[in-house]
Amino acid sequence: MNERIPPQDWMSDPAANAVLDALEAAGGKDCARFVGGAVRNTLLGLPVADVDIATTLTPDAAMAALHVAKIRVVPTGVEHGTVTAVRDHKPFEITTLRRDVETDGRRAVVAFTTDWVEDAMRRDFRLNALYADRDGLIYDYVGGGVEDAHQGRVVFVGDAETRIREDYLRVLRFFRFFAWYGRGEIDAEGLAACARLKDGVARLSAERVSKELLRLLEAPDPAPAVRLMAESGVLGVAIPAALNLDRFDAMVEIDPDSELRLSALLPDDPAEVVQLADALRLSSAQRDRLELATHPVSLDLDDAGSRAAIYRFGARNFADRVKRGLAQSPSKHVQALRLLEVASQWTPPVFPLGGADVIALGVAKGPDVGRLLRETEDWWVANDFPTEGIREKLASLVQDRP
């Protein structure tokens with residue numbers, strides 16, 4: 001007998017039911033079911049963020065049905081069978097049942113079907129191949145998915161190598177889902193298949209790889225999964241560099257930020273970090289953050305030195321450097337906490353002088369104005385941002401200039 005999900009807020013949500021009503025009005029009572037993450041997370045006892053729906057209706061028919069019900073619809077991926085319904089400002093991704101016609105490890109050509117089993121068999125892991133109707137009745141067509149969710153197992157649907165060859169991103173997804181949902185030992189067959197086919201990861205677009213890696217690193221404790229990735233050789237294909245696993249393990253305990261965790265994993269050479277970030281097609285902001293974090297800061301700074309560094313680097317970059325340094329030297333815990341407290345509580349003042357102040361002292365417009373301002377600012381920072389004496393310092397520098 002199929003298991004049934006107890007009543008959930010996301011199942012009784014009027015917006016979700018309005019979408020189901022619209023689809024069922026066109027395709028009949030069994031034409032649409034909840035699928036994937038919402039069902040999986042409910043079985044795992046985890047929060048549900050997104051509610052996805054599978055349907056036997058073609059994308060065109062689904063969009064027409066939603067238009068009739070006056071529900072906004074966006075054709076987000078019609079060629080792959082996906083549209084997004086928006087009701088009460090909530091998005092619902094709706095995907096037509098599919099079967100693969102052709103795959104090359106990076107992308108698939110699909111055909112639409114009305115067969116729920118065909119759709120389930122093309123999914124990646126058994127705990128993701130779960131459907132539920134609006135009454136909570138679960139449909140586990142591939143078998144084992146409900147038990148996997150209860151036990152925290154990540155197991156490929158059918159033959160692991162076949163699933164991976166359909167899309168090599170599933171190698172990285174295997175470790176991501178283990179990091180998020182796995183309990184106990186990782187599935188040995190899946191791990192062995194990922195190790196054998198790891199070189200396929202190099203065929204993926206850098207954007208897909210980096211997105212998957214960062215989502216993995218967001219898990220509460222990604223360290224065991226990352227260790228397994230390294231031991232299987234997968235991590236070296238995704239990030240071809242000498243990686244610091246010990247520092248990464250320490251950073252996992254320090255901060256949940258995925259970019260900071262990635263920084264701890266990467267080498268210490270700023271130029272190499274920039275090269276790796278560009279190879280992963282990270283954004284310029286992400287690349288710059290990773291590069292700046294590699295520049296060390298002493299964890300033995302006093303409060304005045306901390307304030308000077310915060311003024312120069314900015315509070316976030318200073319905190320990144322401190323946390324990376326702490327991950328490298330965990331014995332400096334007390335010192336690092338003190339520096340982070342300064343960074344969180346102190347607001348850098350604004351330098352109170354400008355070019356007009358220099359010119360008012362008789363200095364002609366030109367490079368001397370900027371130089372004198374920089375020297376005065378350096379003195380101000382070095383003396384812990386005094387509120388008095390700064391104009392006198394500027395005047396003395398003007399007087400002493402060659």
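Everything quoted here is computed from the prediction, not taken from an experiment. We use all heavy atoms of the structure for the numbers below, so side chains are in, but hydrogens, waters and symmetry mates are not.
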Do you see a donor-acceptor pair shorter than 3.5 Å between the side chains of Glu118 and Thr113? yes
Salt-bridge present (Arg215, Glu218; N to O < 4.0 Å): no
Flag, side chain of Asn244 to backbone of Phe248, donor-acceptor distance under 3.5 Å: no
Salt-bridge contact Asp21-Arg134 (side-chain N to carboxylate O under 4.0 Å): yes
Assess whether a salt bridge exists between Arg261 and Asp249, defined as any Lys/Arg side-chain N lying under 4.0 Å from an Asp/Glu carboxylate O. no
Backbone of Val398 reached by a side-chain donor or acceptor of Arg401 within 3.5 Å: yes
Which residues pass the side chain to side chain contact (heavy atoms under 4.5 Å, CB included) test with Pro14, sequence neighbours left out? none
So that I can tick it off, tell me whether Asp257 and Lys323 are bridged by a salt bridge, with the cut-off set at under 4.0 angstrom between side-chain N and carboxylate O. no
In short, salt bridge (Lys or Arg N to Asp or Glu O under 4.0 Å) pairs touching residues 63-81 with sequence neighbours left out are none
Who passes side chain to side chain donor-acceptor pair (under 3.5 Å) against Tyr131, sequence neighbours left out? Asp119, Arg123
Identify, with sequence neighbours excluded, every residue that meets side chain to side chain contact (heavy atoms under 4.5 Å, CB included) alongside Pro349. Trp346, Trp380, Phe385
Using side chain to side chain contact (heavy atoms under 4.5 Å, CB included) as the criterion, list what pairs up with Thr42, not counting sequence neighbours. Ile5, Gln8, Trp10, Val48
Among all residues two or more places apart in sequence or in another chain, which pass the side chain to side chain contact (heavy atoms under 4.5 Å, CB included) test with Asp124? Asn128, Arg170, Arg173
Decide yes or no on salt bridge (charged side-chain N to carboxylate O under 4.0 Å, His left out) for Arg33 and Asp133, but give the supporting numbers first. CA-CA 5 Å; Arg33 293 169 184 162; Asp133 62 25; 5.9 Å; no
Using the six-membered ring of Phe313, assess whether NZ or CZ of Arg321 lies under 6.0 Å from its centre and within 45 degrees of the ring axis. yes
